[in-house]
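Data block below; observations after.
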Amino acid sequence: MATVWELGSSDGQLLVKTGVGGPAAKMGHRLTIAMTTWTVTVRWVHDEPVSADLTVDVGSLEVLGGEGGVKGLSGPEKTLAQSNALKTLGADRFPHIQFRTDDIAKADDGYRLTGTLEIHGTTRERVVDLRVDDLGDTWRISCDAEVRQTEFGVKPYSMMMGAMKVADEVTVSFTAEYQRG
């Protein structure tokens, strides 16, 4: 028997955390960014997941805050950081980030997803370890993954002639809960 799960932003969160590099890194903020519009479709056959697809709306990027820097991240600076991130990701040309599974294998604490990740029009093979926690009435699904922007043709934002720049590697964290049926 086949079943389909549909998860979206109301079921969890998708966060991106950036680092700062360059000689003037102490002046920059390590950002926490939320991708506020995304969907996951999981197809099940006989109580086993057979495919999972994630689509993220790049334009939904929202800067939640920043750590470090000379002073706190103000509202206008959040807006500027958001604008710079959208330009860096080419949101007008590449409005979606997608992950599509080719294989799902049972693991000790969840599943290992093997598939393709597409960012900025570039597709790369990717393996993601997904944790699944049984909370009684719900399942919590979560994972953390490192993504190197340059692997996908994204040039990390920089300023002051490169003296301060967003680190190439970002951390993506996904958490969602699914109500048992």
Side-chain angles (χ1 to χ4, degrees), residues 6-22 24-41 52-99 110 113 117-122 126 128-133 135 138-160 162-179:
E6 295 286 340
L7 298 160
S9 305
S10 63
D11 299 304
Q13 65 180 2
L14 180 58
L15 299 176
V16 178
K17 294 196 177 212
T18 69
V20 184
K26 288 184 181 182
M27 294 176 56
H29 295 95
R30 293 175 308 282
L31 300 177
T32 299
I33 297 169
M35 305 306 287
T36 62
T37 303
W38 52 267
T39 57
V40 174
T41 303
D53 298 325
L54 166 70
T55 301
V56 180
D57 178 1
V58 176
S60 75
L61 181 152
E62 180 183 324
V63 176
L64 299 179
E67 296 176 7
V70 177
K71 59 183 176 123
L73 193 64
S74 68
E77 288 170 321
K78 285 182 187 177
T79 301
L80 180 60
Q82 176 182 350
S83 175
N84 290 335
L86 290 170
K87 285 179 195 168
T88 298
L89 289 169
D92 54 339
R93 282 189 57 208
F94 307 106
H96 298 104
I97 294 171
Q98 297 181 316
F99 178 72
L113 310 179
L117 177 62
E118 181 181 345
I119 301 172
H120 200 250
T122 301
R126 187 66 72 191
V128 176
D129 290 319
L130 189 69
R131 289 180 305 280
V132 179
D133 297 306
L135 303 179
T138 60
W139 281 296
R140 179 180 300 129
I141 305 157
S142 60
C143 67
D144 295 307
E146 303 295 322
V147 176
R148 188 171 299 279
Q149 297 178 74
T150 54
E151 275 187 60
F152 295 91
V154 175
K155 181 180 178 191
Y157 178 78
S158 68
M159 59 188 303
M160 300 177 352
M164 185 172 60
K165 56 189 170 186
V166 174
D168 189 13
E169 193 168 271
V170 299
T171 301
V172 178
S173 299
F174 171 79
T175 304
E177 290 190 15
Y178 186 79
Q179 187 74 33

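In this text the structure is predicted, and so the values were computed from the model without any measurement. Side-chain atoms are counted along with the backbone in the values below, which use heavy atoms only and exclude waters and symmetry mates. Positions are given from 1 along the sequence.
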By salt bridge (charged side-chain N to carboxylate O under 4.0 Å, His left out) - contacts of Asp129 (at least two apart): Arg112

Set of residues satisfying side chain to side chain contact (heavy atoms under 4.5 Å, CB included) with respect to Ser74, sequence neighbours excluded: Pro76, Glu77

Listed partners of Phe94 passing ring pair (Phe, Tyr, Trp, His ring centres under 6.0 Å), at least two apart: His120

Nearest-0.5 Å distance that lies between atom CG in Leu7 and atom CD in Gln179: 11.5 Å

Where Lys78 and Leu64 come nearest, the two heavy atoms and their spacing: NZ-O, 3.1 Å

Those residues that, when tested against Arg148, pass salt bridge (charged side-chain N to carboxylate O under 4.0 Å, His left out) (two or more places apart): Asp168, Glu169

Approximate separation, where rounding is to 0.5 Å, of Thr18 OG1 and Glu67 CD: 9.5 Å

Would you tabulate the side-chain donor-acceptor contacts of residues 31-39 under 3.5 Å, counting partners in other chains and residues two or more places apart, or write 'none'?
| from | atom 1 | to | atom 2 | distance (Å) |
| --- | --- | --- | --- | --- |
| Thr36 | OG1 | Ser60 | O | 2.9 |

Flag side-chain contact, heavy atom, 4.5 Å: Arg131 against Asp144: yes

Leu117 side, atom CG; Phe152 side, atom CZ - distance, nearest 0.5 Å: 4.0 Å

Straight-line distance of Leu15 CG to Phe174 CZ, nearest 0.5 Å: 11.0 Å

For Thr88, all residues meeting side-chain hydrogen bond (donor to acceptor under 3.5 Å, both in side chains), sequence neighbours excluded: none

Minimum side-chain heavy-atom gap Asp53-Gln98 below 4.5 Å: no

Rounded distance (nearest 0.5 Å) linking atom OG1 of Thr55 with atom NE2 of His96: 7.0 Å

Among Thr122, Val147, Ile119, side chain to side chain contact (heavy atoms under 4.5 Å, CB included) partner for Val154: Ile119

N/O donor-acceptor pairs under 3.5 Å from side chains in residues 79-87, not counting sequence neighbours:
| from | atom 1 | to | atom 2 | distance (Å) |
| --- | --- | --- | --- | --- |
| Thr79 | OG1 | Gly75 | O | 3.2 |
| Gln82 | NE2 | Leu61 | O | 3.1 |
| Asn84 | ND2 | Leu80 | O | 3.3 |
| Asn84 | ND2 | Tyr157 | OH | 3.4 |

Residue pair Asp92 / Pro95: nearest heavy atoms and the distance that separates them: O-CD, 4.5 Å

For Glu62, salt bridge (charged side-chain N to carboxylate O under 4.0 Å, His left out) partners two or more places apart: none

Side chains of Thr171 and Glu146, donor plus acceptor under 3.5 Å: yes

Distance (rounded to the nearest 0.5 Å) between Ser173 OG and Leu14 CG: 8.5 Å

